Amino acid sequence: MLKYSKATNKTERIEHFEMPKESNTLWMFYQSPQELQSDSVLQQLQLHPLAEAAFTSFSEHPQINVYANHAVVSTFYLETKKLEPIRINLLIGEQYLIVLAEREIPFREQLVKDFTDNPEHMKHVSYMLYYFMKDIVSSYLEVIDQLSDEFLELEKSVFIDPQKREIGRDVYRWKSRLHKLRQYVEAEESIIQKMGHDDFEYANEESGFYFKDLLSSFSRVTAAFDSFKENLQGILDLQMSLKSDHMNTIMKTLTLVSAVFIPLTFLAGLYGMNFEYMPELKWHYGYFSMLSLCVVMSILIIGYFKKKRWW
């Protein structure tokens with residue numbers, strides 16, 4: 001892909017892999033295993049069998065393995081739309097960095113432009129590794145911003161319709177996805193820490209500072225995922241609280257309505273008894289007086305509830 005010459009401090013495009021000379025560094029980016037095989041890279045490098053197996057097979061978790069003359073890094077790029085991790089393997093040598101992705105990565109051309117416009121970014125393999133991992137970290141940061149918006153909309157939907165059953169399902173689905181993504185985050189953080197350590201074989205005197213800065217940015221990712229898990233639990237608790245408040249309001253209304261009709265039911269039951277000698281039963285204005293009494297009692301009870309702010 002790109003070859004850097006220390007003598008001229010320039011980069012040039014190359015179509016196929018070639019072993020770099022002592023004054024050169026090489027950066028290759030293959031977006032599929034088939035593309036790697038067609039370039040006969042492995043035959044020229046003469047890798048250790050374990051290193052070759054680690055580089056050509058994609059791991060399920062981010063990790064870093066150091067061999068005699070090479071280091072193999074398994075990392076993940078997060079797509080912002082589908083939030084699906086794309087597995088990427090890095091083969092690190094003293095004068096080259098070879099990238100193998102399981103499918104197309106959107107920031108490849110961005111890296112090509114960066115290394116072309118800034119050739120000094122390729123003067124050491126640790127610098128190339130830093131700028132590559134910087135784009136990986138950027139993908140996680142973009143995902144954080146997207147998730148923040150997603151959870152904000154989810155929280156708004158709780159206030160709009162607390163009874164919506166899909167909210168609980170969405171919270172459970174997001175918690176499951178966050179648990180899986182959190183595992184990637186922890187492993188990625190461990191990889192960046194090891195790359196920035198002084199004992200890392202392919203680091204120079206300055207690269208440690210770059211990776212420490214990268215680790216500082218990545219700490220935001222770790223903190224955000226922990227915060228998201230708490231936010232999801234808070235959304236679920238909020239929905240349950242709003243549901244309880246809604247149920248309490250219904251029960252309160254039914255109770256107050258019952259309190260209004262209980263004395264009216266008592267009066268209706270009293271004068272509904274079949275005793276022969278009930279003086280009010282033969283009173284000419286008894287019916288209208290009883291209706292008036294019921295209305296007055298209802299107004300007094302409701303007025304009392306209003307004064308107490310129970311209704």
Side-chain angles (χ1 to χ4, degrees), residues 31-32 57-63 74-89 101-107 133-193 214-258 310-311:
Q31 298 196 108
S32 67
S57 60
F58 294 102
S59 173
E60 295 299 325
H61 298 283
Q63 60 183 352
S74 297
T75 185
F76 288 77
Y77 173 84
L78 288 182
E79 290 183 317
T80 54
K81 292 184 178 180
K82 298 181 180 179
L83 297 181
E84 293 183 356
I86 300 177
R87 296 178 293 181
I88 304 174
N89 288 341
E102 62 177 341
R103 61 179 184 271
E104 187 175 349
I105 302 295
F107 65 85
M133 292 304 298
K134 185 178 179 181
D135 287 331
I136 294 293
V137 173
S138 296
S139 74
Y140 282 86
L141 293 175
E142 290 177 7
V143 166
I144 285 176
D145 294 335
Q146 179 179 340
L147 289 179
S148 180
D149 295 336
E150 290 276 355
F151 297 150
L152 182 60
E153 292 298 323
L154 185 60
E155 189 172 7
K156 288 180 180 178
S157 67
V158 175
F159 287 100
I160 295 174
D161 185 7
Q163 307 300 321
K164 193 175 181 181
R165 294 183 178 181
E166 288 77 6
I167 294 176
R169 297 173 184 173
D170 290 342
V171 169
Y172 176 77
R173 177 174 57 87
W174 277 116
K175 289 180 73 173
S176 300
R177 297 184 72 178
L178 282 180
H179 177 71
K180 186 175 182 180
L181 292 175
R182 184 67 170 79
Q183 294 178 335
Y184 295 140
V185 170
E186 290 179 354
E188 291 285 358
E189 187 175 19
S190 177
I191 289 175
I192 296 174
Q193 284 179 339
L214 195 63
L215 186 62
S216 176
S217 299
F218 198 77
S219 62
R220 177 193 164 195
V221 179
T222 308
F225 273 90
D226 293 335
S227 177
F228 288 155
K229 292 176 66 176
E230 296 177 1
N231 289 346
L232 286 175
Q233 186 60 43
I235 290 174
L236 196 59
D237 293 340
L238 176 62
Q239 185 188 27
M240 296 303 296
S241 177
L242 292 176
K243 280 185 175 181
S244 298
D245 289 343
H246 182 66
M247 184 62 66
N248 290 338
T249 302
I250 294 175
M251 294 304 296
K252 178 181 177 181
T253 302
L254 292 176
T255 302
L256 294 177
V257 170
S258 300
W310 293 349
W311 204 341

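Small disclaimer: the values here were computed from a predicted structure and weren't measured.
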**Q** For a quick test of reading the model, state the closest non-hydrogen atom pair linking F76 to R87 and the distance between them.
**A**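 Result for this residue pair: CE2-CG, 3.0 Å.
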**Q** State which residues pass side chain to side chain donor-acceptor pair (under 3.5 Å) with S157; sequence neighbours excluded, sorted by chain then number.
**A**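 Residues passing side chain to side chain donor-acceptor pair (under 3.5 Å) with S157: none at all.
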**Q** Do you know which two heavy atoms are closest between A101 and I105, and how far apart they sit?
**A**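 Taking A101 first and I105 second, the nearest heavy atoms are CB-CG1, 3.6 Å.
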**Q** Could you measure the distance from the CG atom of L254 to the OG1 atom of T249? Nearest 0.5 Å is fine.
**A**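 Answer rounded to 0.5 Å: 11.0 Å.
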**Q** Quick one: pull up CZ in F58 and CD1 in I86 and give me the separation to the nearest 0.5 Å.
**A**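 Answer rounded to 0.5 Å: 10.5 Å.
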**Q** At their closest point, which heavy atom of I192 faces which heavy atom of M133, and how far apart are they?
**A**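 Closest approach of I192 to M133, heavy atoms only: CG1-CE, 4.2 Å.
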**Q** Taking atom CZ of R103 and atom OG of S32, what is their separation to the nearest 0.5 Å?
**A**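 Spacing of CZ (R103) from OG (S32) equals 12.5 Å.
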**Q** Show which side-chain atoms of residues 158-176 pair as donor or acceptor with protein atoms under 3.5 Å away, not counting sequence neighbours.
**A**
{"unit_1": "D161", "atom_1": "OD1", "unit_2": "Q163", "atom_2": "N", "d": "3.3"}
{"unit_1": "K175", "atom_1": "NZ", "unit_2": "Q233", "atom_2": "OE1", "d": "3.1"}
{"unit_1": "S176", "atom_1": "OG", "unit_2": "Y172", "atom_2": "O", "d": "3.1"}

**Q** Between CE of M240 and CD1 of I235, what distance do you get to the nearest 0.5 Å?
**A**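 One finds 14.5 Å between CE of M240 and CD1 of I235.
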**Q** Kindly write out the residues that satisfy side chain to side chain donor-acceptor pair (under 3.5 Å) with N231, not counting sequence neighbours, or none if the list is empty.
**A**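 N231 satisfies side chain to side chain donor-acceptor pair (under 3.5 Å) with no residue once adjacent residues are dropped.
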**Q** With sequence neighbours excluded, what pairs up with K156 under the salt bridge (charged side-chain N to carboxylate O under 4.0 Å, His left out) test?
**A**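 Listed in chain order: E153.
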**Q** Are any side-chain N or O atoms of S148 and backbone N or O atoms of I144, one a donor and one an acceptor, separated by less than 3.5 Å?
**A**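 Not at all, since once roles are kept as given, no pair shorter than 3.5 Å links the two residues.
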**Q** Can you name the salt bridge (charged side-chain N to carboxylate O under 4.0 Å, His left out) partners of E142, sequence neighbours left out?
**A**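 E142 satisfies salt bridge (charged side-chain N to carboxylate O under 4.0 Å, His left out) with no residue once adjacent residues are dropped.
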**Q** Quick one: salt bridge (charged side-chain N to carboxylate O under 4.0 Å, His left out) partners of E155, sequence neighbours excluded?
**A**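 Not a single residue meets the salt bridge (charged side-chain N to carboxylate O under 4.0 Å, His left out) criterion with E155.
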**Q** Mind checking what makes side chain to side chain contact (heavy atoms under 4.5 Å, CB included) contact with Q146, not counting sequence neighbours?
**A**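 Scan of Q146 (side chain to side chain contact (heavy atoms under 4.5 Å, CB included), adjacent residues dropped) gives T80, L83, E150.
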**Q** Only counting residues at least two apart or in another chain, list the ones meeting side chain to side chain donor-acceptor pair (under 3.5 Å) with S74.
**A**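 Side chain to side chain donor-acceptor pair (under 3.5 Å) list for S74, sorted by chain: N89.
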**Q** Please round to the nearest 0.5 Å and tell me the distance separating atom OG of S139 and atom NZ of K134.
**A**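 Separation between the atoms: 13.5 Å.
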**Q** Should I136 and Y140 be marked as a side-chain contact (heavy atoms from CB on, under 4.5 Å) after you check the CA-CA gap, both sets of side-chain angles, and the distance that decides it?
**A** CA-CA 7 Å; I136 294 293; Y140 282 86; 3.8 Å; yes
**Q** Please output the side-chain donor-acceptor pairs of residues 216-230 that fall under 3.5 Å, not counting sequence neighbours, one pair per line with the distance.
**A**
{"unit_1": "S217", "atom_1": "OG", "unit_2": "D213", "atom_2": "O", "d": "3.4"}
{"unit_1": "S219", "atom_1": "OG", "unit_2": "S216", "atom_2": "O", "d": "2.4"}
{"unit_1": "R220", "atom_1": "NH2", "unit_2": "D145", "atom_2": "OD1", "d": "2.9"}
{"unit_1": "T222", "atom_1": "OG1", "unit_2": "E189", "atom_2": "OE1", "d": "3.3"}
{"unit_1": "D226", "atom_1": "OD1", "unit_2": "R182", "atom_2": "NE", "d": "2.9"}
{"unit_1": "D226", "atom_1": "OD1", "unit_2": "R182", "atom_2": "NH2", "d": "3.1"}
{"unit_1": "D226", "atom_1": "OD2", "unit_2": "R182", "atom_2": "NH2", "d": "3.3"}

**Q** Return the set of residues passing side chain to side chain contact (heavy atoms under 4.5 Å, CB included) with Q183 (not counting sequence neighbours), or none when no residue passes.
**A**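 By the side chain to side chain contact (heavy atoms under 4.5 Å, CB included) rule, Q183 matches H61, H179.
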**Q** If you measure from CG on L214 to CD on Q193, what distance do you get to the nearest 0.5 Å?
**A**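 Here the interatomic distance stands at 11.5 Å.
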**Q** Which pairs count as ring-ring contact (aromatic ring centres under 6.0 Å, His included) when at least one residue sits in residues 231-250, sequence neighbours excluded?
**A**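 Qualifying pairs: none.
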**Q** With salt bridge (charged side-chain N to carboxylate O under 4.0 Å, His left out) as the rule and sequence neighbours excluded, what pairs involving residues 235-253 come up?
**A**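 Listed by first then second residue: nothing to list.
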